Participant: 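Sending over a structure as structure tokens; questions will come in a sec.
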Amino acid sequence: MQINSNVEKNLAKAMNKVTIPKKSRSYELCVKADALRFAKSYRESIKYYLDSIMMDREHQEAYWGLAVSYKYLTEYSKAIKTLEKLIELDDKNDKYFFELGVCNLSNGHPEEAIPHLIKAIIINKENLEAQIQLAIAHELVEETDLSLMIYNKLIETNPEFLKAYYNKGAMLMGMGDFLEASKTFFQLIKRNPDYYKAYLGIAMSFDKLSRFGDAIRYYKKFLGLKQFSEDAVFARQRIAELREMTSNRENNLTLI
């Protein structure tokens, strides 16, 4: 009984020593700022993030939230400076480099985005979004061969990552290679028959290749999936135009 009594006393002493760590004022301000940011009150959140940082110059969560708020307000230069400070505190986090790359892209400086996106990928090879953004950055600096290489590698190693197919197809269309673009979009709908943007891509590619019957067919397939989208207006108008063109062509042939 004496042993049990001593055990209970020791447990009681230990429990008395266990206390919940007191949260700092910087932490509390950051939590309030996060709540405002999640509510999309980005401007209001900034004040609390800055106050949080003033109290703790190494509060990474506050710097991160501040950068994200600046990004959503399209104040990219401020977001970039905040992320650069954050990377001084922690240069092993791929999401910091990723967002820095994205902000440089959004700020119209793809050449500055490239090294940051590469760094994000070096830290985390599974960061597929960083690879996509890197391909976009290379395309914007007219290094389309590198973009294609990245997209092809992504498709090879991550065949279920559908964005790689779509971005590749869109880039090929921009390059005027409509046949290869249509092939890429067909690969995409083979993976996911409900990927409605791929049908529009196929329709537009066939349209450019003067395969008007096929174009009409795929414009219709697109409308079957997304009849109320913004692009649906274009698709309906284009179907009407192509039908008129083909009808006029047939009438001219009949007259001859």
Side-chain angles (χ1 to χ4, degrees), residues 64 67-68 71-72 76 79-80 83 86-87 90-209 214 218 221-222 225-226 229-231:
W64 172 252
V68 172
K71 175 187 171 184
Y72 279 114
Y76 300 118
I80 288 167
L83 287 163
L86 191 51
I87 287 169
D90 179 6
D91 62 356
K92 299 293 188 295
N93 193 321
D94 64 296
K95 79 174 183 178
Y96 298 164
F97 287 98
F98 170 71
E99 285 298 339
L100 184 53
V102 168
C103 285
N104 273 288
L105 269 176
S106 301
N107 205 31
H109 296 289
E111 71 287 350
E112 294 180 20
I114 289 171
H116 301 306
L117 293 168
I118 290 173
K119 181 66 175 177
I121 295 165
I122 290 172
I123 295 171
N124 179 9
K125 292 181 175 60
E126 301 302 315
N127 192 332
L128 303 183
E129 285 296 332
Q131 295 178 53
I132 282 283
Q133 295 300 320
L134 180 60
I136 292 170
H138 280 302
E139 181 183 355
L140 291 173
V141 297
E142 299 182 354
E143 294 174 344
T144 52
D145 54 336
L146 290 175
S147 291
L148 280 173
M149 182 183 72
I150 293 168
Y151 288 135
N152 289 335
K153 186 66 175 177
L154 273 170
I155 290 168
E156 178 187 345
T157 57
N158 298 273
E160 300 304 319
F161 189 47
L162 303 183
K163 190 183 290 188
Y165 298 88
Y166 181 75
N167 282 30
K168 178 187 174 183
M171 188 179 78
L172 288 167
M173 287 184 71
M175 294 166 59
D177 195 344
F178 300 107
L179 182 59
E180 284 302 314
S182 67
K183 290 178 181 178
T184 303
F185 289 128
F186 273 118
Q187 285 181 294
L188 174 48
I189 60 174
K190 187 175 181 181
R191 291 282 174 184
N192 181 1
D194 295 325
Y195 205 107
Y196 63 92
K197 289 183 179 180
Y199 291 98
L200 184 61
I202 293 169
M204 293 173 69
S205 295
F206 284 153
D207 201 338
K208 291 293 186 180
L209 291 166
D214 290 329
Y218 280 92
K221 285 179 179 289
F222 165 72
L225 290 170
K226 212 69 177 174
S229 70
E230 292 181 6
D231 291 320

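Only a predicted model underlies this, so the values are computations on that prediction, with no experimental measurement involved.
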Participant: Restricting to non-hydrogen atoms, name the atom on Ile132 and the atom on Ala164 that form the minimum distance, rounded to 0.1 Å.
Facilitator: CD1-CA, 3.8 Å

Participant: Can you check whether Asp231 reaches Lys226 side chain to side chain, under 4.5 Å on heavy atoms?
Facilitator: no

Participant: What closest approach, in Å, do Ser182 and Leu179 show between heavy atoms, and which atom pair accounts for it?
Facilitator: OG-O, 2.6 Å

Participant: Could you please spell out the steps behind the side-chain contact (heavy atoms from CB on, under 4.5 Å) verdict for Glu142 and Thr144?
Facilitator: CA-CA 6 Å; Glu142 299 182 354; Thr144 52; 5.8 Å; no

Participant: For the pair Asn158 (side chain) and Phe161 (backbone), establish whether a donor and an acceptor sit closer than 3.5 Å, ignoring hydrogens and angles.
Facilitator: no

Participant: If you define the side chain from C-beta out and look only at heavy atoms, does anything of Ser229 sit under 4.5 Å from Phe222?
Facilitator: yes

Participant: If you look at every heavy atom in Ala67 and Ala79, which pair is closest and at what distance?
Facilitator: O-CB, 3.6 Å

Participant: Measuring only between side-chain heavy atoms, which start at C-beta, is Leu117 closer than 4.5 Å to Asn127?
Facilitator: no

Participant: Does the Gln131 side chain pair with the main chain of Glu126, one donor and one acceptor, at a distance under 3.5 Å?
Facilitator: no

Participant: Quick one: closest heavy-atom pair of Ser147 and Glu139, and the distance?
Facilitator: OG-N, 2.9 Å

Participant: Short question: side chain of Thr184, backbone of Gly169 - any donor-acceptor pair under 3.5 Å?
Facilitator: no

Participant: Who are the salt bridge (Lys or Arg N to Asp or Glu O under 4.0 Å) partners of Asp207, not counting sequence neighbours?
Facilitator: Arg238

Participant: Check whether Tyr199 forms a cation-pi arrangement with Lys221 (NZ or CZ under 6.0 Å from the six-membered ring centre, at most 45° off the ring normal).
Facilitator: no

Participant: Can the ring centres of Phe185 and Phe206 be said to be less than 6.0 Å apart?
Facilitator: no

Participant: Are any non-hydrogen side-chain atoms of Val102 and Lys71 less than 4.5 angstrom apart?
Facilitator: yes

Participant: What's the spacing between Phe98 CZ and Ile121 CD1 if we round to 0.5 Å?
Facilitator: 9.5 Å

Participant: Tell me, do Ile189 and Ile202 make a side-chain contact under 4.5 Å, heavy atoms counted?
Facilitator: yes

Participant: Taking atom types as modelled, find out whether Lys168 and Asn152 have a side-chain donor-acceptor pair closer than 3.5 angstrom.
Facilitator: yes

Participant: Is a side-chain donor or acceptor of Tyr165 paired with a backbone partner of Glu160 at a separation under 3.5 angstrom?
Facilitator: no

Participant: Quick one: are Phe97 and Asp91 in side-chain contact, heavy atoms under 4.5 Å?
Facilitator: yes

Participant: Between Leu83 and Tyr96, what is the shortest heavy-atom contact and its length?
Facilitator: CD2-O, 4.1 Å

Participant: Shortest non-hydrogen contact from Cys103 to Ile80?
Facilitator: CB-CG1, 3.8 Å

Participant: Is the shortest heavy-atom distance from the side chain of Ile118 to the side chain of Ile122 under 4.5 Å?
Facilitator: yes

Participant: Tell me, with the steps shown, if Met175 and Met171 meet side-chain contact (heavy atoms from CB on, under 4.5 Å).
Facilitator: CA-CA 6 Å; Met175 294 166 59; Met171 188 179 78; 4.1 Å; yes

Participant: Can you find a pair of side-chain heavy atoms, one from Leu200 and one from Met204, that are under 4.5 Å apart?
Facilitator: yes

Participant: If you count the non-hydrogen atoms of other residues, nucleotides and ligands that lie under 6.0 Å from NZ in Lys95, is the total more than 12?
Facilitator: yes

